[in-house]
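Order of appearance sets the numbers: ligands from 1, and atoms from 1 within every ligand.
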Amino acid sequence: MAVATAVALLAALGGALWLAARRFVGPRAQRLHGSGDAGLMHGKTVLITGANSGLGRATAAELLRLGARVIMGCRDRARAEEAAGQLRRELSQAGESGPGPGPGPGPGGAGELVVKELDLASLRSVRAFCQEMLQEEPRLDVLINNAGIFQCPYMKTEDGFEMQFGVNHLGHFLLTNLLLGLLKNSAPSRIVVVSSKLYKYGEINFEDLNSEQSYNKSSCYSRSKLANILFTRELARRLEGTNVTVNVLHPGIVRTNLGRHIHVPLLAKPLFDLVSWAFFKTPLEGAQTSIYLASSPEVEGVSGRYFGDCKEEELLPKAMDDSVARKLWDISEVMVGILK
Ligand SMILES: NC(=O)c1ccc[n+]([C@@H]2O[C@H](COP(=O)([O-])OP(=O)(O)OC[C@H]3O[C@@H](n4cnc5c(N)ncnc54)[C@H](O)[C@@H]3O)[C@@H](O)[C@H]2O)c1
């Protein structure tokens with residue numbers, strides 16, 4: 001009797017933990033586009049930052065399959081070329097590249113992949129990348145600000161900014177601003193910003209944006225992700241009437257390389273791997289909201305909103321503070337040197 005009670009209690013506890021974890025991670029999004037959508041992105045050029053790994057790679061694969069010309073903006077050209085080669089092989093194995101009946105340049109209607117070098121931790125690199133984009137690309141239909149760095153030790157970018165704020169917010173801020181003309185000329189066009197639910201724990205401390213007085217790696221990540229949302233809302237306001245939309249999302253908790261700076265003790269590693277395998281989304285599942293915002297006709301004309309699992313979600317008041325968003329915009333302009 002006692003054993004049966006203990007087993008029942010353990011089962012109930014296990015079930016409750018499972019449900020709690022699933023609720024925290026979010027539902028596993030179904031693949032948005034089936035084979036009937038092939039060609040949906042034909043004729044569209046999409047730029048994805050950090051497209052050689054994790055969510056960016058999965059987003060690139062899917063948009064490529066849908067016929068887009070996908071530009072992978074990546075820090076490490078060799079790694080990006082390797083990822084691009086793998087993506088092309090996967091597509092051709094799936095019979096979706098090479099000459100075929102689909103509308104794209106690839107055989108099965110798939111689009112094409114282009115690799116360009118972009119280091120968001122260097123304003124010089126962002127400027128050079130944008131110059132190349134403006135010289136070589138006649139259009140840009142979708143910009144996906146996806147690249148990110150998570151909870152690294154205190155480091156500075158080439159220009160002396162705290163790394164997480166510098167890459168996740170400032171690098172993308174300059175990139176977007178320098179590409180706005182091209183996006184406007186290609187309108188209707190879209191900007192998609194990958195943030196995180198962890199924005200909830202962030203504060204914009206204007207007195208110490210570089211975290212020189214104190215550094216907490218989790219708070220700084222959350223701050224950079226809060227900045228992504230404030231940036232999106234302010235940009236949406238500035239883009240009213242241009243037919244360029246901008247939306248922001250959280251992907252859920254996803255099994256990627258993002259945690260490379262987190263030290264998991266050797267003995268705890270198998271348990272961590274098991275938990276992440278059981279509860280975390282796969283990159284393809286996590287990428288569905290980025291793919292949705294980049295491609296779905298459902299969000300045509302929708303701007304300044306926050307999404308999770310392909311649905312609009314509410315934001316905390318701190319992420320909707322327009323005066324903070326405006327001040328952050330003004331200071332970011334000065335920091336990246338684009339103040340006119
Ligand atoms: N994985 C998750 O659970 C999760 C949760 C919430 C939000 N996110 C966000 O999703 C986005 C993608 O992350 P991921 O999970 O795929 O991680 P990832 O580490 O697999 O991919 C991040 C990409 O960003 C690139 N990157 C980092 N620094 C860069 C720099 N200086 N210049 C150019 N590129 C740089 C990396 O090279 C990599 O390609 C990030 O913005 C992250 O904050 C991820």
Side-chain angles (χ1 to χ4, degrees), residues 24-26 28-29 47-61 71-84 87 115-126 128-129 144-152 155-159 161-175 192-202 217-218 220-229 231-232 248-262 272 275-276 279-291 293 306-309 313:
F24 185 64
V25 172
R28 303 220 156 170
L47 165 60
I48 307 174
T49 65
N52 61 303
S53 164
L55 291 163
R57 187 189 187 284
T59 307
I71 301 170
M72 304 169 70
C74 297
R75 186 177 31 170
D76 185 324
R77 180 177 279 279
R79 279 197 201 153
E81 293 288 6
E82 195 186 318
L87 285 173
V115 169
K116 288 189 196 286
E117 224 169 287
L118 167 66
D119 182 357
L120 291 154
S122 157
L123 298 181
R124 185 180 42 81
S125 168
V126 175
F129 172 86
I144 306 183
N145 289 344
N146 162 83
I149 181 164
F150 174 72
Q151 298 196 5
C152 55
M155 293 192 270
K156 286 191 169 176
T157 66
E158 187 176 287
D159 309 275
F161 306 131
E162 183 280 312
M163 187 61 78
Q164 299 188 77
F165 190 71
V167 169
N168 299 354
H169 170 61
L170 289 174
H172 281 123
F173 178 86
L174 179 61
L175 178 83
V192 177
V193 178
V194 182
S195 178
S196 163
K197 256 187 190 168
L198 293 177
Y199 85 85
K200 295 180 181 180
Y201 307 103
K217 60 185 183 178
S218 329
C220 281
Y221 177 73
S222 295
R223 169 194 289 178
S224 73
K225 292 289 141 180
L226 174 59
N228 288 159
I229 299 175
F231 162 73
T232 299
V248 60
L249 68 105
H250 75 80
I253 303 182
V254 191
R255 220 155 49 232
T256 66
N257 296 319
L258 194 66
R260 59 174 70 75
H261 294 290
I262 305 294
F272 178 80
V275 169
S276 66
F279 294 118
F280 292 10
K281 292 178 178 177
T282 64
L284 181 59
E285 289 168 339
Q288 292 305 306
T289 309
S290 296
I291 296 162
L293 292 175
Y306 174 65
F307 287 82
D309 287 310
E313 292 191 3

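Applying the salt bridge (Lys or Arg N to Asp or Glu O under 4.0 Å) criterion to Lys217, with sequence neighbours excluded, gives no partner residue.
Glu117 contributes no side-chain N or O that, together with a main-chain N or O of Cys74, makes up a donor-acceptor pair within less than 3.5 Å.
For the pairing with Ile48, the side-chain contact (heavy atoms from CB on, under 4.5 Å) check across Val194, Val192, Thr59 returns one residue only, Thr59.
Taking CE of Met163 as the start and SG of Cys220 as the end, the distance is 12.5 Å to the nearest 0.5 Å.
When ring centroids are compared, Tyr306 and Tyr199 come within the 6.0 Å threshold.
Asp119 and Arg77 are not joined by a salt bridge, as no carboxylate oxygen comes within less than 4.0 angstrom of a charged side-chain nitrogen.
Residue-level contacts of ligand 1 at the 4.0 Å heavy-atom threshold are Gly50, Asn52, Ser53, Gly54, Leu55, Arg75, Leu118, Asp119, Leu120, Ala121, Asn146, Ala147, Gly148, Val167, Val194, Ser195, Ser196, Tyr221, Lys225, Pro251, Gly252, Ile253, Val254, Thr256, Asn257, Leu258, Arg260.
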